[in-house]
Amino acid sequence: MNHEEKILSELNKTQQDAVSKIDGPLMVIAGAGSGKTRVLTYRIAYMLTKGINPFNILALTFTNKAANEMKERIKNLVGDASAKAVNMGTFHSVFYKILRVEGEKLGYTRNLTVYDTDDAKGVIKNIVKEMNLDPKVYLPNFILQRISAAKSSLLSAEEYARSPEIIETDARIGKPHIAEIFLRYNARLRQSDAMDFDDLLYYMNVLLRDFPEMLYKYQNRFRYILVDEYQDTNFAQYLIVKKLAAAHHNICVVGDDAQSIYAFRGANIQNILNFKKDFPSAETVKLEQNYRSTQNIVNAANAVIKHNKKQIHKEVWTDNDEGKKINVIRSSSDSEEAQSIAFSIFETKQNEHVNNKDFAILYRTNSQSRALEEALMKMQIPYKIFGGLSFYKRKEIKNILAYFRLAINNYDEEALLRVINYPQRGIGATTVDKLKVTSSQNNVRIWDYVQNPDNLDLGAATKAKLKDFALRIKSFSTMIPTTDAYELGKHIAISSGVIQDMKADIAEKDRLDNVEGLIDSMKEFVEKEPETEFNEETGELITEYFPSLDRFMSNVALLTDEENKDDESQDRVKLMTIHASKGLEFDYVYITGLEENLFPSSMSLGSSAEIEEERRLFYVAVTRARKHLTLTCAQTRYKFGSLQFCEPSRFMEEIPYKYMNVTEKASAGRKLEKKSPLSFSSERDKTFVKKVAKPAYQKVTPQEVNLKQFGNPAEVGEIVPDIRVYHSKFGYGQVLGTDGAGPDKRAVIKFDTVGEKTLLLAYAKLIIPK
DNA sequence: ATGGAGACCTTTTTT
DNA sequence: AGGTCTCCAT
């Protein structure tokens, strides 16, 4: 059997169709758990064994996680080299790479910075302020949504300002200056050599629209296009894909309309519904066999999604066992809900000899994670929160990254404003305001004034401080080409005073650890085998390059989450929002907070379209489970610090009772007599409320708890050859030897799972196991 | 210029 | 409850 046949032999008939039809347009409607990722990865592997150049394949995903996972799986099928060479990533990251190279045609440079949502909001806040508008009327969030919606539908700021309908709408809602803000916002970003998330898609469209040679180049480069989660693409994404595929027509889109959960940010289900119109010769393959879940789960999910009117017809079915009934636990309060989940996990682990990592707890909003964390801590169950306050969104990380950004791109104004007085160097709000005002009046970049403040109305001491700051940043900038990312990162962290500032405050310990963690990751970046890159002109493979700070930053810019490659080696319960769980699967799943106004969210009660999106979200949640599903809800919950009464979610009642098993929990764990599964008399509700008691627990940070189970933090002096240590990222290992002294002392450690690493002890946080 | 006290708002979901 | 913003005292 040759390689090709082997690939096909591991698939069912419909999957084979989806994999082997590589020429011409194809739409794959993939039901939940039907092996969608398998089809995508096997399809790419199949193409590679057929001799297609990986350079000509473009695979677009929605999240970094999905891209990494697919890359990993293709590697296992066809080997490292060709897997690496496939152009694979999120829409945003792939187009960012292209725009860094081609952006000069659009007036940007290679140092192009990406502004995240916080940066964008900062810009808007400044503009609202300098226009003397009421910040309560012109809320940054709202403005940004308007701008984002416009850009996602490829409407420029000028077109926005010219459109009578839009102007009328904005006037009607009492915000007539949005158009002006939009114009200034774009100008400000351009001046900062920066793009926001939506710009990456918008300008990619401009590039393909206004530069025929670019269209030609990328059409020929990306001869085979695959798009994952097609139901979640917005207009800008849709049009890029359509344009790129227009020459060769080798486009395969994979999606499931039932799992479209991003309409709120502009995703358009019509894209998948209209695929046949755009590509009349398109074939459609429907994957309907679910390999993931038990019959109970599949049946329940089907019953739920039936309540939606708009959908592509499909019958998802499974050959798997009937499985256990879906558990429903109703608790009196949010903290009790969390406790009963923790207890259920504990019990299941005992009875079925399974691991922590086989469990996932899903919730609608990030704020629900707190109660769950507390309960898990109390029961000593290790856990990991995915998403939420992601690593790269933490203040200390953003601060240090702002230094890096500013060193790379001196015009990055948001980065400049973030660090101009951090750590404090006597450049206070008054000075900064003066800089902002003068800069916007004279249309001069703030950076230029910081470098040369002589003509400004400022005291001599202040001017000296500004110059000093500029010189320092400049000195970082000049080091970029010659100093690797790790060395320069370390240098900036220290000589900017950031490290010292955090060391001064013992309460900043965790933050310091995070910054040191970032610098550790820079060391890894410098040491690891370089990513394969292409020379844009020749298509030639480049594997050797200098691991400079700007390269590091271009890799990090669009990461929204910590790398979690070693997830599976960490035995922890997983906590995440349902949105973040899309595409993943777990043996045991808990869906929490099934209450009206929470899930479905109170924000979505306005229209049936929004309720349907919430229902699809619930469908996604249910179909994450392989073996067993538990639904939980509480009768009271703290919201904004005050106690709220909650009704069970309508979604629970959409699951036929025959698939469920209902448990009611009072605070003492006492079982209550039950009548109908989900209705409670108001009187009983009151008795529940009385019993709500705050558990007495000691407030400890997750880090502390997680460390405690492994041992005590090691002093640098304790690290000697032969001892066993634990590292939060690499796990257990043995010290082979040490080298250097003082802050430069290093240890070579052989880790059980990841092999030998050299760590700088001042940065590595090692633990001596109990 | 800085820091602390108090008012105020928040919660969808993410690249 | 927790974070951010505003105002006032130092």
Side-chain angles (χ1 to χ4, degrees), chain A residues 60-67 89-96 114-122 125 129 135-136 139-141 144-145 148 151-152 195-202 229 232-234 236-237 260-267 334-335 362-371 374 386-390 392-393 395 421-433 458-459 461-462 465 557-561 576-583 593 597-606 610 613-614 616-618 620-621 637-644 694 699:
Chain A
L60 296 169
T61 64
F62 217 63
T63 63
N64 292 303
K65 210 188 261 172
T90 63
F91 279 85
H92 293 85
S93 72
V94 168
F95 301 143
Y96 177 46
V114 179
Y115 273 10
D116 70 10
T117 312
D118 287 344
D119 296 318
K121 278 184 208 161
K125 254 186 224 170
K129 201 174 167 192
K136 298 220 166 69
L139 295 164
N141 261 326
L144 194 59
Q145 265 180 42
S148 171
K151 285 181 177 176
S152 302
M195 290 190 189
D196 65 19
F197 288 140
D198 299 303
D199 283 338
L200 295 171
L201 306 175
Y202 180 87
E229 311 281 15
D232 285 332
T233 50
N234 64 27
Q237 290 166 322
S260 159
I261 55 176
Y262 286 104
F264 73 92
R265 73 170 198 214
D334 47 359
S335 57
L362 309 180
Y363 35 79
R364 177 70 240 270
T365 64
N366 277 307
S367 59
Q368 288 166 255
S369 67
R370 177 150 277 125
E374 285 166 2
F386 288 79
L389 247 192
S390 90
Y392 293 101
K393 274 193 181 152
K395 202 168 71 182
N421 198 30
Y422 173 79
Q424 287 181 359
R425 48 175 69 86
I427 305 173
T430 322
T431 307
V432 173
D433 276 346
L458 293 166
T462 308
K465 285 176 195 159
L558 288 160
L559 289 187
T560 47
D561 211 341
M576 64 187 84
T577 64
I578 299 164
H579 282 86
S581 78
K582 186 151 113 165
N597 295 320
L598 180 61
F599 195 10
S601 157
S602 55
M603 309 293 284
S604 67
L605 300 178
E610 285 172 298
E613 174 143 317
E614 293 283 309
R616 290 192 296 269
L617 190 57
F618 183 54
V620 167
R637 181 179 297 278
Y638 279 92
K639 246 183 194 172
F640 304 137
S642 69
L643 196 64
Q644 306 276 312
K694 281 245 156 188
K699 195 143 188 175

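Proteins get letters first, then strands, A, B, ... in listed order; numbering begins at 1 in each.
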Worksheet entry | Contact summary for A/D334 and A/Y638, nearest pair of heavy atoms | OD2-N, 3.0 Å
Worksheet item: With sequence neighbours left out, what residues match A/K639 under side-chain contact (heavy atoms from CB on, under 4.5 Å)?
Response: A/N597, A/Q644
Item to complete: Please work out if A/Q424 contacts a base, only the sugar-phosphate, or nothing of the nucleic acid, heavy-atom cut-off 4.0 Å.
Response: sugar-phosphate
Worksheet item: Does A/T431 place a side-chain N or O at less than 4.0 Å from the phosphate oxygens OP1/OP2 of B/dA1?
Response: yes
Discussion item. For A/F264, give me all partners under ring pair (Phe, Tyr, Trp, His ring centres under 6.0 Å), at least two apart in sequence or on another chain.
Written reply: A/Y262, A/H579
Discussion item. Of the listed nucleotides (B/dT14, B/dT13, B/dA1), which one gets closest to any side-chain atom of A/F264?
Written reply: B/dT13
Practice prompt. Under the side-chain contact (heavy atoms from CB on, under 4.5 Å) rule, collect the residues that match up with A/K395, sequence neighbours excluded.
Written response: A/N399, A/R418, A/R511
Discussion item. Under 4.0 Å, heavy atoms only, any strand: does A/T430 hit a base, just the sugar-phosphate, or nothing?
Written reply: sugar-phosphate
Worksheet item: Within the structure shown, what part of the strands sits under 4.0 Å from A/F91 by heavy-atom distance: base, sugar-phosphate, or nothing?
Response: nothing
Worksheet, complete the sentence: Checking B/dT13, C/dC5, B/dT15 against the side chain of A/N366 (C-beta onward), the nearest is B/dT13
Worksheet item: Starting at the 5' end of DNA chain B and moving along, which residue's nearest nucleotide shows up first, A/S93 or A/E614?
Response: A/E614
Practice prompt. List the steps, then state whether salt bridge (charged side-chain N to carboxylate O under 4.0 Å, His left out) holds for A/D116 with A/K393.
Written response: CA-CA 9 Å; A/D116 70 10; A/K393 274 193 181 152; over 6 Å; no
Below 3.5 Å is the cut-off: list the nitrogen or oxygen pairs between protein and nucleotides 6-10 of chain C, distance only.
none

Worksheet entry | Length of the line joining A/L605:CG and B/dT11:P, which is rounded to integer Å | 17 Å
Discussion item. Applying a 4.0 Å non-hydrogen cut-off, can you work out what A/K465 is touching in the nucleic acid: base, sugar-phosphate, or nothing?
Written reply: nothing
Item to complete: Look at the side-chain N and O atoms of A/K395 and state whether any lies under 4.0 Å from the OP1 or OP2 oxygen of C/dG3.
Response: no
Discussion item. In this structure, how many angstroms lie between the P atom of B/dT14 and the CG atom of A/N141, rounded?
Written reply: 14 Å
Worksheet item: Can you name the residues that form a side-chain contact (heavy atoms from CB on, under 4.5 Å) with A/S369, not counting sequence neighbours?
Response: A/Y363, A/E373, A/I385
Worksheet entry | Qualifying residues under ring pair (Phe, Tyr, Trp, His ring centres under 6.0 Å), relative to A/F618, sequence neighbours excluded | A/F599, A/F651
Item to complete: Check the distance between B/dT15's P and A/Y262's OH and give it to me in whole angstrom.
Response: 6 Å
Worksheet item: Under 4.0 angstrom, heavy atoms only, what part of the nucleic acid is A/N421 near: base, sugar-phosphate, or nothing?
Response: sugar-phosphate
Practice prompt. Measure from CG on A/D232 to C1' on B/dT13 and round the result to the nearest Å.
Written response: 11 Å
With 3.5 Å as the limit, what N/O pairs link the protein to nucleotides 5-10 of chain B?
none

Worksheet item: Roughly, in whole Å, what's the span from CG in A/D196 to C1' in B/dT14?
Response: 14 Å
Item to complete: Mark yes when over 12 heavy atoms from residues, nucleotides or ligands other than A/K121 sit less than 6.0 Å from its NZ; otherwise mark no.
Response: yes
Practice prompt. Give the nucleotide from the list B/dT11, B/dT15, B/dT13 with an atom nearest to the side chain of A/T117.
Written response: B/dT15
Item to complete: Report the residues that fulfil side-chain contact (heavy atoms from CB on, under 4.5 Å) with A/A67, sequence neighbours left out, ordered by chain and then residue number.
Response: A/T61, A/M88
Discussion item. Taking any heavy-atom pair under 4.0 Å as a contact, classify A/T365: base, sugar-phosphate, or nothing.
Written reply: sugar-phosphate
Item to complete: Have a look at A/F62 and say if it touches a base, only the backbone sugar-phosphate, or nothing, with a 4.0 Å heavy-atom cut-off.
Response: sugar-phosphate
Response to the item:
The nucleotide from B/dT15, B/dT11, B/dT13 with an atom nearest the side chain of A/T577 is B/dT13
Worksheet, complete the sentence: note: A/H92, atom NE2; B/dT14, atom P; distance rounded to Å ~ 14 Å
Worksheet item: Will you find, in the side chains of A/S601 and A/S604, an N or O donor that is under 3.5 Å from an N or O acceptor?
Response: no
Worksheet item: How many Å lie between NZ on A/K121 and C1' on C/dT4, as a whole number?
Response: 12 Å
Worksheet item: Distance between the P atoms of C/dT4 and B/dT13, in whole angstroms?
Response: 16 Å
Worksheet item: In whole angstroms, how far is the C1' atom of B/dA1 from the CZ atom of A/R425?
Response: 15 Å
Worksheet item: Excluding sequence neighbours, so at least two apart, what forms side chain to side chain donor-acceptor pair (under 3.5 Å) with A/T365?
Response: A/S367, A/Q368
